[in-house]
Amino acid sequence: MIDIQKSPNSKLSQTNFDNLVFGQVFSDHMMECDYKDGAWQNPVIKPYGPITLQPSARVFHYGQAVFEGMKAYKDKEDKIWLFRPDQNFERINKSSERLAIPEFPKDYFFNALEELLKLDKDWIKQGFGNSLYIRPFVIASEAGVSASAAKEYKFMIICSPAQAYYSGEVRVKFSEKFSRAADGGVGYAKAAGNYGAQFYPTNLAKEEGFQQIIWTDANSHEYLEEAGTMNIFFRIGDKLVTAPTNDRILDGVTRKSVLTLAEEFNIDTEVRRVSVKEIVEAAEKGELKEMFGSGTATVINPIVGFGYKGKKYELPKMEDSYAKFFKDKLMKIQYNEAEDKFGWRYEVK
Ligand SMILES: *Cc1c(COP(=O)(O)O)cnc(C)c1O
């Protein structure tokens, strides 16, 4: 059913896998599936390359676009694994629903993804930290600038080899003015516009010496919600705290996996609203031991300091950090080096 057009020349030999910039190099093939006449057509796997769209295509004008981020890992026996891909599949359809994009069929998604990964399996390198980043996305491809939901779409999957990513020391700014998402809005969806709207405030924060923003609730800016592409955790004393998901916060796969592991290892956890005031006070009293982000790209990203109302706070250096603990546990499961108690691994074969 899937039409497979193999690339006549692989880019593998020209790719330096020891010096990869995240998201810059793409594997030899991609998946493309069109929606028209009320149905998803046959998926096609073909050489990675440009696509053609009319300048009037809806996606350029109204941002009708959603995406996902997932990874494929290779173990020591060259077996290929995905981590909870059912979650990404369900989430892209949840995002699509909110953007009035038709649902994508599950068998199309898994069959096409597996064929693509098998074809590009040499792009997945062994070794802790190496992976193939997978970017499924959907765009409204129908021509015509009428401001309404399109009748034609493209579902695509592209893949980019990735190395263990060290972002340097991350300091974050708690947002005092800008917001990422509002009640009743699209914050819970991986909708393209959510990300484009963050670049300007993030650039301003960068000028002040921060790498990222922790978004606060749009109404009062009193509660900490999440980062641009990561959910966020706090360790106050030995207690792990994170905000509950809602229609403003993305329901991260890494976040929910951290919460499951925290329960398994009897780490005292609270899922509740986290106020800026509480975190500033905990930092002042020396009780705020850690902050970290969770997301597919970096798994767990430790945060070393934050800024709020012109003041900068530094966090202590922890020997036995929760960040390290969860990162190690998750990666061992992802790379098939630890028991998969919760059935999170998915083998591509
Ligand atoms: C993708 C994303 C996350 C992390 O989700 P994972 O499923 O863990 O990768 C968190 N917040 C936002 C806004 C995101 O886009």
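Under a cut-off of 6.0 angstrom, the local environment of CG in N16 is crowded, with over 12 non-hydrogen atoms contributed by other residues, nucleotides or ligands. More than 12 heavy atoms of other residues, nucleotides or ligands shown are found within 6.0 angstrom of CD on Q5. Atom CD of E347 has more than 12 heavy atoms from other residues, nucleotides or ligands within 6.0 Å. Environment of NZ in K11: crowded, with over 12 heavy atoms of neighbouring residues, nucleotides or ligands closer than 6.0 Å. Around the CD atom of E314, the shell of radius 6.0 Å holds more than 12 heavy atoms that belong to other residues, nucleotides or ligands.
Cation-pi geometry between K125 and F17 is met: under 6.0 angstrom from the ring centre, within 45 degrees of the axis. A cation-pi arrangement is not found for R171 relative to F210, the charged atom failing to lie both closer than 6.0 Å to the ring centre and inside a 45° cone about the ring normal.
Although no hydrogens or angles enter the test, the distance criterion places no donor-acceptor pair under 3.5 Å between the side chain of H61 and the main chain of A147. Judged by distance alone, the side chain of E287 and the main-chain N or O of A283 form no donor-acceptor pair under 3.5 Å. With Q64 contributing its side chain and A150 its backbone, the two residues share a donor-acceptor pair below 3.5 Å. Using a distance-only test at 3.5 Å, with no hydrogens or angles considered, a donor-acceptor pair links the side chain of T216 to the main chain of S175. Using modelled atom types, no side-chain atom of R180 and backbone atom of E226 make a donor-acceptor pair closer than 3.5 Å. Listed for the K173 side chain is no donor-acceptor partner under 3.5 Å among the backbone atoms of G307.
Between the side chains of S220 and D217, at least one donor-acceptor pair of N or O atoms lies under 3.5 Å. Side chains of Q87 and K256: a donor-acceptor N/O pair is present below 3.5 angstrom, by distance only. Between the side chains of Q126 and D75, no donor-acceptor pair of N or O atoms lies under 3.5 Å. Side-chain polar atoms of S257 and R84 form a donor-acceptor pair below 3.5 angstrom.
Expressed to the nearest 0.5 Å, how far CZ of F292 lies from CD1 of I300 amounts to 5.0 Å. One finds the SG atom of C159 at 9.5 Å from the CE atom of M70 (value rounded to the nearest 0.5 Å). For the atom pair CG (L250) and CZ (R248), the distance works out to 13.5 Å, reported to the nearest 0.5 Å. Within the model, atoms CZ of F174 and OH of Y313 stand 9.0 Å from one another, a figure rounded to the nearest 0.5 Å. If you take CD on E32 and CD1 on I45, they are separated by 11.5 Å, rounding to the nearest 0.5 Å. The NZ atom of K327 sits 10.5 Å away from atom OG of S321, with the distance rounded to the nearest 0.5 Å.
Between F110 and Y346, the distance from one ring center to the other falls under 6.0 angstrom. For F265 and F325, the ring centers sit closer than 6.0 Å to each other.
Using a 4.0 Å cut-off between charged side-chain N and carboxylate O, K118 and E115 make a salt bridge. Checked for salt-bridge contact, R91 and D251 miss the test: no charged N lies under 4.0 Å from a carboxylate O. The pair E225-R273 does not meet the salt-bridge criterion, since no charged nitrogen lies less than 4.0 angstrom from a carboxylate oxygen. Remark: K36 does not engage E152 in a salt bridge, criterion side-chain N to carboxylate O under 4.0 Å. Using a 4.0 Å cut-off between a side-chain N of Lys or Arg and a carboxylate O of Asp or Glu, K324 and D328 do not qualify as a salt bridge. At a threshold of 4.0 Å, the pair K76-E337 counts as salt-bridged, since one of the basic side-chain nitrogens sits closer than that to a carboxylate oxygen. E68 and K190 are not joined by a salt bridge, as no carboxylate oxygen comes within less than 4.0 angstrom of a charged side-chain nitrogen. Looking at E270 and K239, a side-chain N of the basic residue comes within less than 4.0 Å of a carboxylate O on the acidic one, giving a salt bridge. A salt bridge between K289 and D238 is present, with a side-chain N of the basic residue lying under 4.0 Å from a carboxylate O of the acidic one.
Under the side chain to side chain donor-acceptor pair (under 3.5 Å) test applied with S10, the options D122, D120, D28 reduce to a single match, D28. Of the residues listed (W81, Y73, F83), the one engaging W344 in a ring-ring contact (aromatic ring centres under 6.0 Å, His included) is F83, and it is the only one. Each of L240, V241, L259 was scored for a side-chain contact (heavy atoms from CB on, under 4.5 Å) with V271, with one residue passing: L259.
Between Y335 and G129, the shortest heavy-atom distance links the atoms OH-N, 3.0 Å. The minimum heavy-atom distance between W40 and C33, with the atom names listed, is CZ3-O, 3.5 Å. Counting all heavy atoms, side chain and backbone alike, G295 lies closest to T254 at C-OG1, 3.3 Å.
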What verdict does the side-chain contact (heavy atoms from CB on, under 4.5 Å) test give for K312 and F306, after you've listed the backbone C-alpha separation in whole Å, the side-chain angles of each residue and the deciding distance to 0.1 Å?
CA-CA 6 Å; K312 292 189 175 177; F306 69 91; over 6 Å; no
Start with the C-alpha gap between F233 and V258, add the side-chain angles, then the distance that decides, and say whether side-chain contact (heavy atoms from CB on, under 4.5 Å) holds.
CA-CA 10 Å; F233 287 86; V258 165; 3.6 Å; yes
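In terms of the ring pair (Phe, Tyr, Trp, His ring centres under 6.0 Å) criterion, residue partners of F178 (sequence neighbours excluded) are, by chain and number, Y200.
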